[in-house]
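The basis for the numbers below is simple: all heavy atoms, side chains too, and nothing from hydrogens, waters or symmetry mates. Indexing begins at 1, ligand by ligand and atom by atom, following the structure's order.
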Amino acid sequence: MARLLLRDFDIRKAYLDGHAQAQLVDMLRPILKSAPLFRPTTASGKEMSVRMTSAGSLGWVSDKAGYRYQDLHPKGMSWPAIPDPILDIWRDLASSERDPDCCLINYYGEGTRMGLHQDKDEADFSWPVLSVSLGDDALFRIGNTTRGGKTESIWLNSGDVVIMGGPARLAYHGIDRIRFSSSRLLPKGGRINLTLRVAR
Ligand code: SIN
Ligand code: MN
């Protein structure tokens with residue numbers, strides 16, 4: 001496992017081996033069944049290209065009313081619990097004192113992207129955000145804590161974990177594109193990104 005620091009983003013290359021990645025995908029299947037992926041719209045009404053759902057006591061949603069955490073899926077069901085192997089990653093790399101209350105599950109299909117943004121819907125920015133990459137390679141772009149300025153990019157591969165804490169916690173970041181079908185982890189291709197957060 002190699003550790004890379006890029007603008008205070010703490011990147012653990014190949015933190016999860018192939019077996020651990022496959023185990024996580026298996027655990028996500030029942031979650032996606034009981035809390036199906038949905039396509040959110042931004043506050044301005046534009047459809048996002050990724051589809052998402054959540055596990056945990058809170059889930060992140062976005063629609064015309066804005067970005068927020070809420071305790072129910074848009075279809076009305078509770079979010080499923082975060083599986084222990086996912087919490088173990090947080091406990092190992094982020095904090096053994098408090099577990100995250102949200103695991104956002106983003107699915108990137110062919111041609112999807114995520115624009116540069118800050119994660120700032122949480123109550124306390126002293127908790128890091130931890131992200132886990134599964135499936136196809138993704139070009140991750142890192143910016144500054146204010147909009148604009150120079151950015152840097154790095155390819156994230158399946159099994160990589162990124163910890164955004166300290167000065168990186170409020171830095172702009174996004175996914176420019178994925179290399180569809182570059183991984184065989186997900187039978188239909190694409191990429192899953194898990195983001196663990198203490199939201200409240
Ligand atoms: C995000 O910032 O919400 C997702 C980042 C990623 O997909 O790696
Ligand atoms: Mn983000």
Would you find a donor on one side and an acceptor on the other, under 3.5 Å apart, between the side chain of Thr41 and the backbone of Lys46? no
Are any of the side-chain nitrogens in Arg200 or Asp101 under 4.0 Å away from the carboxylate oxygens of its partner? no
Is Arg91 salt-bridged to Asp99, cutoff N-O under 4.0 Å? yes
For Asp119, what is the atom name of its N, O or S atom nearest to the Mn ion (ligand 2)? OD1
Quick test: of every protein heavy atom, which one is nearest to atom 8 (O) of ligand 1, and how far off is it to 0.1 Å? Arg191 NH2, 2.9 Å
shortest atom 5 (C) of ligand 1-to-protein heavy-atom contact is with Asn193 OD1, 3.7 Å
Any atoms of ligand 1 less than 4.0 Å from a non-hydrogen atom of [X]? List them with their elements.
X: His173; value: 2 (O)
X: Ile175; value: 6 (C), 7 (O), 8 (O)
X: Met114; value: 1 (C), 3 (O)

Backbone or side chain, does any N or O of [X] fall under 3.5 Å from an N or O of ligand 1?
X: Thr195; result: no
X: Tyr108; result: yes
X: Asp119; result: no

One residue to check: Asn106. Relative to ligand 1, which of side chain, backbone, both or neither has a non-hydrogen atom less than 4.0 Å away? side chain
Could you give all pairs that pass the side-chain hydrogen bond (donor to acceptor under 3.5 Å, both in side chains) test and reach residues 156-172, with sequence neighbours left out? Lys13-Asn157, Lys13-Asp160, Gln21-Ser158, Gln118-Tyr172, Glu122-Arg169, Asp137-Asn157
Looking at Gly66 and Ala43, what are the two nearest heavy atoms and their distance? CA-CB, 4.2 Å
Please test Arg197 against Asp124 for salt bridge (charged side-chain N to carboxylate O under 4.0 Å, His left out), starting from the C-alpha separation and ending with a verdict. CA-CA 10 Å; Arg197 303 192 184 96; Asp124 180 353; over 6 Å; no
Output field for angle at the Mn ion (ligand 2), His173.NE2 vs His117.NE2, rounded to 10°, should show 90°
Taking atom types as modelled and ignoring hydrogens, do the side chains of Asn144 and Arg7 form a donor-acceptor contact shorter than 3.5 angstrom? yes
Pairs satisfying ring pair (Phe, Tyr, Trp, His ring centres under 6.0 Å), at least one member in residues 4-50, at least two apart: Phe9-Phe140, Phe38-His73
